[in-house]
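Values in this document were obtained by computation on a predicted structure and should not be read as measured data. The chain is numbered in sequence order, starting from 1.
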Amino acid sequence: MYRTYRELYRARTEITTIGKGVGAIKLGKYVAVGLDIIFLGVIAAIFPGFLIAVFIHLFFRLFPVIVWQIAIGVLAGAVAKQFDPQGKSALTWTLDVLAYFRRKRITDGFKAMNLDKKIVLPRFSFYAVDQGIARATPISGKGSFTLHKPLSVSVLRDGTWIAKRVGHLHEPGKYRVVEGEIRRMKDAPMLRRQA
């Protein structure tokens with residue numbers, strides 16, 4: 001799968017031959033080692049390769065630790081070439097995975113949020129509600145409407161009202177259009193508790 005995505009990006013340096021002249025080792029027509037795979041192998045050989053190599057060396061003392069490190073680096077590079085790194089180089093994919101485990105889990109979608117602070121939910125500012133849909137100005141509709149901020153409202157001949165920010169302002173409240181005029185709806189009277 002790695003070859004599929006490799007073609008989508010700029011040409012990268014790849015090693016197809018090791019050495020020069022008669023003794024050169026050709027890796028073959030379909031075998032090429034990218035520098036990102038080599039870098040990933042070197043990183044894997046250093047850490048965690050060193051720790052793994054020391055552990056293996058305790059049981060198999062035939063080879064020194066550096067040989068085990070090189071083997072781990074080659075194995076990591078070979079494994080990295082076989083899996084699908086989602087269109088990225090293997091090194092970039094590995095750094096993205098490490099960054100994923102390091103990042104904070106709570107976010108507002110743009111920046112990390114600190115859990116110690118009190119989370120303040122945003123208050124949405126809208127100006128008018130028409131048939132249960134909150135909108136910003138200018139807004140138009142028919143029938144009754146509710147203003148949440150002072151706005152200028154005018155009525156067209158067909159009974160359509162248009163609310164804007166400029167002009168003669170109406171106070172916040174519930175309104176309806178009756179015979180081409182805007183009339184404020186009276187609020188229901190407060191009920192008193194009888195003692």
Side-chain angles (χ1 to χ4, degrees), residues 1-130 132-140 165:
M1 283 302 238
Y2 179 69
R3 291 173 204 264
T4 306
Y5 292 102
R6 198 170 53 190
E7 307 303 327
L8 296 174
Y9 296 91
R10 296 179 190 165
R12 289 202 250 304
T13 304
E14 293 181 341
I15 298 171
T16 56
T17 306
I18 299 173
K20 293 182 180 178
V22 180
I25 301 171
K26 292 188 178 180
L27 299 178
K29 183 177 179 183
Y30 297 104
V31 178
V33 180
L35 289 181
D36 57 335
I37 299 296
I38 293 172
F39 289 141
L40 184 66
V42 169
I43 291 170
I46 295 170
F47 184 80
F50 178 74
L51 298 175
I52 297 170
V54 168
F55 181 75
I56 293 173
H57 185 66
L58 292 174
F59 298 103
F60 303 100
R61 294 191 176 267
L62 183 62
F63 301 106
V65 173
I66 190 74
V67 172
W68 290 114
Q69 277 186 276
I70 291 170
I72 291 168
V74 169
L75 181 65
V79 170
K81 191 166 182 175
Q82 298 304 316
F83 82 101
D84 175 12
Q86 301 168 347
K88 304 173 185 175
S89 70
L91 185 60
T92 304
W93 186 88
T94 304
L95 294 175
D96 286 349
V97 168
L98 293 175
Y100 170 77
F101 287 117
R102 244 186 96 238
R103 78 178 185 200
K104 294 182 180 178
R105 293 290 174 254
I106 303 296
T107 177
D108 64 354
F110 298 98
K111 63 182 178 183
M113 295 175 67
N114 188 355
L115 290 177
D116 297 336
K117 294 180 182 176
K118 182 180 175 184
I119 297 174
V120 179
L121 297 175
R123 296 188 70 180
F124 297 102
S125 177
F126 52 88
Y127 298 99
V129 176
D130 175 32
I133 300 172
R135 302 179 187 172
T137 58
I139 178 175
S140 63
R165 293 186 194 190

### Query
How far apart are the closest heavy atoms of Trp68 and Phe60, and which atoms are they?
NE1-O, 3.6 Å
Atom pairs and distances, donor-acceptor, side-chain atoms in residues 40-58, under 3.5 Å, two or more places apart:
| from | atom 1 | to | atom 2 | distance (Å) |
| --- | --- | --- | --- | --- |
| His57 | ND1 | Phe63 | O | 2.9 |

Which atom pairs, donor and acceptor, lie under 3.5 Å between side-chain atoms of residues 20-28 and protein residues at least two apart or in another chain?
none

### Message
Please list all pairs meeting salt bridge (Lys or Arg N to Asp or Glu O under 4.0 Å) that have one or both residues in residues 54-69, counting only residues at least two apart or in different chains.
### Response
none
### Query
Do the side chains of Tyr100 and Asp96 get nearer than 4.5 Å, heavy atoms only?
no
#### Entry: Residues forming a side-chain contact (heavy atoms from CB on, under 4.5 Å) with Thr16, sequence neighbours excluded
Ala32
